[in-house]
Number of protein chains: 2
Amino acid sequence: MTKRRKKSPVEPEYMEPAMCSTDLRREILQRVPFFAMLPPNAIEQINLRFRERGFTEGEPIFYAGAPAARLYVVATGKVKLMRHTQAGQDVLLDILTAGEFFGSLSLLGNEVYPDSAIAQTIVCALSVGAEAFRAILVDYPAVALAVLDITAARLREAHEAIRQISAHSVEQRIAYTLLKLAEKLGEPREEGLLIQMPLSREDLANMAGSTTESASRIVSQFQREGLIVTGRQWIAITDQGRLRELASAGAD
Amino acid sequence: MTKRRKKSPVEPEYMEPAMCSTDLRREILQRVPFFAMLPPNAIEQINLRFRERGFTEGEPIFYAGAPAARLYVVATGKVKLMRHTQAGQDVLLDILTAGEFFGSLSLLGNEVYPDSAIAQTIVCALSVGAEAFRAILVDYPAVALAVLDITAARLREAHEAIRQISAHSVEQRIAYTLLKLAEKLGEPREEGLLIQMPLSREDLANMAGSTTESASRIVSQFQREGLIVTGRQWIAITDQGRLRELASAGAD
DNA sequence: CGCTGCCTTGATCTTCTTCAAAACGTGTGG
DNA sequence: CCACACGTTTTGAAGAAGATCAAGGCAGCG
């Protein structure tokens, strides 16, 4: 058996919170899926409406329950979307990366954010007031349609997650969660398909709707079975095929 | 203790499948939340693009996995949105009533429906091809924004459901599910706030991510505790307050 | 009536959480 | 460079929650 790698292969995102420089903004906006189809001068117009802000690792971007006034776009880094329960239990709903948006979409008056957004790494985020964003959607109908597509896709994913959670075992859910993460953040490395972000057992458990201990047990088991390689705050997948089998069926 | 009512107080929806008459269509479209703001002549235009179809109780409208070509609007009746697992387990994702839409929103080529839609009662549904709907959204930007709002709201609900399922007990989830159903379909009656639709224990279990037996046990328990009144295929809530406490906290 | 679905109930058994404690890695300060 | 301290991860054992299996009961309907 090869020796387990001790050092995390996850590369930190190099950047200062303040380095969200204005020069890069247009380029970043250009890469946002729902702005990509716009001509440069439109991007220019839109750029004017956004403001930028840096966040350090672990810093909250906004808390659930705060008045929902702005829409954010991740420029660099990873953002956790979390929802809390009375009992202090957290559920990790999604992890967002460069080009993805979060925050207030609807303009319908005085609403509050239903979830908290927390910088998982150093993050630079662009944001725009909800009304201003609404104005953009009105000015550029193609953007509105693109945003709708993305939101509909997220709804499908959420429905899929509901099915997963309510019909599968913890083992299957963890497997599924790892695959989903790898799909989004996976980078091929010697050790396997690395999930390129700091990810604790607790985060994983909160995504799969389970506990830290259970997540740990199952991750260890996966490693013993040769499906993954893992260390502190990182996981790489070595056998996607078998993991996928596990996630969907379980009955074989 | 009052004698339990034996007869279902749920009123069947009176209507023939074929009675989806063309005369009513404009009126129905008018009531659809995202068309409501349009002037009559626009509704007229949109009406031309829709076709109607009736479904009997239990009849599938479309199956998960079929090519997703159309968007549907419920004119009358109730529609179940379900997702299946390999193991034959079903998850009930949502129940849709008059004015709500389902089916294919995205136009992005050759996709398939991720869930099955099944008529829970006799249903009349209007439908439109995905491209035609997209054309409507382009022609009427206000409609696009309204559709986006509704989709975003559904996403929020789905996230809330994920939190519910992953962090609460079956008892709490059933309580929560009943409250949500009552919110949507509740009608005040002598016996309490009646959930106006045929609802089996199995349906309830599939919504709460549990089993028929557990749902039955908990429903019985709720009835013993005086929170609800129930019979075959129907449930009415008598003590919303206590049910709500149960659903959210549980720790008291 | 007797059939066909729903619904209920009990007993068992698996799964997962919980509580508790130890081991490990990582970064820090001496 | 080493040793320490902290947060993360692992592991064990006990317990609870819920699924599963298996009958039996009840209502509505032909």
Side-chain angles (χ1 to χ4, degrees), chain A residues 3-10 12 57-58 85 87-91 120 164-175 177 197-206 208-224 228-235 246 250-251, chain B residues 3-10 12 57-58 85 87-91 120 164-175 177 197-225 228-235 246 250-251:
Chain A
K3 185 167 241 150
R4 188 206 298 194
R5 180 170 282 233
K6 296 298 179 185
K7 268 288 187 191
S8 171
V10 174
E57 211 174 314
T85 64
Q89 263 193 82
D90 294 341
V91 178
Q120 175 84 337
Q164 270 290 332
I165 294 182
S166 44
H168 292 305
S169 70
V170 171
E171 184 186 34
Q172 292 176 301
R173 273 140 52 193
I174 299 264
T177 304
M197 77 176 276
L199 181 78
S200 69
R201 301 297 126 108
E202 191 177 2
D203 288 330
L204 193 56
N206 287 339
S210 179
T211 60
T212 310
E213 294 95 326
S214 293
S216 176
R217 277 182 241 274
I218 286 165
V219 164
S220 300
Q221 175 198 324
F222 283 174
Q223 180 153 242
R224 273 195 302 278
I228 64 175
V229 203
T230 177
R232 205 188 169 79
Q233 308 252 46
W234 66 271
I235 295 180
L246 246 179
Chain B
K3 186 170 239 148
R4 187 207 300 194
R5 178 171 283 233
K6 297 295 179 186
K7 270 288 190 190
S8 171
V10 174
E57 211 173 314
T85 64
Q89 266 194 79
D90 294 341
V91 177
Q120 175 84 338
Q164 271 290 332
I165 294 182
S166 42
H168 293 307
S169 69
V170 171
E171 184 186 35
Q172 292 176 301
R173 272 138 54 192
I174 298 263
T177 304
M197 77 176 276
L199 182 78
S200 69
R201 301 296 127 108
E202 190 179 1
D203 288 331
L204 192 57
N206 286 340
M207 288 192 85
S210 179
T211 60
T212 311
E213 293 96 328
S214 293
S216 177
R217 278 181 240 273
I218 286 166
V219 163
S220 300
Q221 176 198 323
F222 283 172
Q223 180 153 243
R224 274 195 302 277
E225 292 171 355
I228 64 175
V229 203
T230 178
R232 207 186 167 79
Q233 306 252 48
W234 66 272
I235 295 180
L246 245 180

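We name chains A, B, ... by the order of the sequence lines, and we start the count at 1 in each one. These numbers come from the heavy atoms of this one structure, side chains and all, not from hydrogens, waters or symmetry mates.
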List the atom pairs, with distances to 0.1 Å, where a side-chain N or O of residues 210-219 of chain A and a protein N or O form a donor-acceptor pair under 3.5 Å, not counting sequence neighbours.
residue, atom, partner, partner atom, Å
A/T211, OG1, A/S214, N, 3.3
A/T211, OG1, A/S214, OG, 3.2

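Distance B/Q223 CD to D/dC26 P: 15 Å, rounded to the nearest Å. Going from atom CG of B/N206 over to atom P of C/dC7 covers 12 Å, rounded to whole Å. Rounded to a whole Å, the CD1 atom of B/I174 is 12 Å from the P atom of C/dT8. In this structure, CD of A/E57 is placed 11 Å from P of D/dT8, rounded to the nearest angstrom. Rounded to a whole Å, the NE2 atom of B/H168 is 13 Å from the P atom of D/dG18. Following rounding to the nearest Å, A/I235 (CD1) and D/dT8 (P) show an atom-to-atom distance of 15 Å. Between A/W234 atom CH2 and D/dT8 atom P the separation is 18 Å, expressed in whole Å.
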Do any N or O atoms of the protein come closer than 3.5 Å to N or O atoms of nucleotides 4-6 of chain C, and which pairs are they?
residue, atom, partner, partner atom, Å
C/dG5, N2, B/R232, NH1, 3.1
C/dG5, N2, B/R232, NH2, 3.3
C/dG5, N3, B/R232, NH2, 3.3
C/dC6, O4', B/R232, NH2, 3.3

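Every side-chain hydrogen bond (donor to acceptor under 3.5 Å, both in side chains) that A/R201 has, sequence neighbours left out, goes to A/T230. Shown here are the side chain to side chain contact (heavy atoms under 4.5 Å, CB included) partners of B/S166, two or more places apart in sequence or in another chain: A/V91, A/I165, B/I162. Here A/S169 pairs with A/Q172 under the side-chain hydrogen bond (donor to acceptor under 3.5 Å, both in side chains) rule; sequence neighbours left out. By the side-chain hydrogen bond (donor to acceptor under 3.5 Å, both in side chains) test, B/Q120 pairs with B/K80, B/D203, sequence neighbours left out. Taking the side-chain hydrogen bond (donor to acceptor under 3.5 Å, both in side chains) definition, one finds that A/Q221 meets it with A/E171, A/E225, sequence neighbours left out.
Taking 4.0 angstrom as the limit, A/S210 places none of its side-chain polar atoms (N or O) nearer than this to OP1 or OP2 of C/dC16.
The shortest non-hydrogen separation linking B/F222 to B/I174 is CE1-CG2, 4.0 Å.
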Is there a side-chain contact (heavy atoms from CB on, under 4.5 Å) between B/L199 and B/Q233 once you walk through the steps? CA-CA 5 Å; B/L199 182 78; B/Q233 306 252 48; 5.8 Å; no
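Contacts of B/T212 with the nucleic acid, taken as non-hydrogen atoms under 4.0 Å apart, are absent.
Between the side chain of B/R173 and the main chain of B/H168, a donor-acceptor pair closer than 3.5 Å is present.
Of the residues near DNA chain C, A/E171 and A/E213, the one whose nearest nucleotide (by heavy atom distance) lies more toward the 5' end is A/E171.
Counting only Watson-Crick or G-U wobble pairs whose defining distances are both under 3.5 Å, the stems of 3 or more consecutive pairs in DNA chain D are C:1-5 with D:26-30, C:8-30 with D:1-23.
Applying a 4.0 Å cut-off to non-hydrogen atoms, the residues of residues 214-221 of chain A that approach DNA chain D are A/S216, A/R217, A/S220, listed by residue number.
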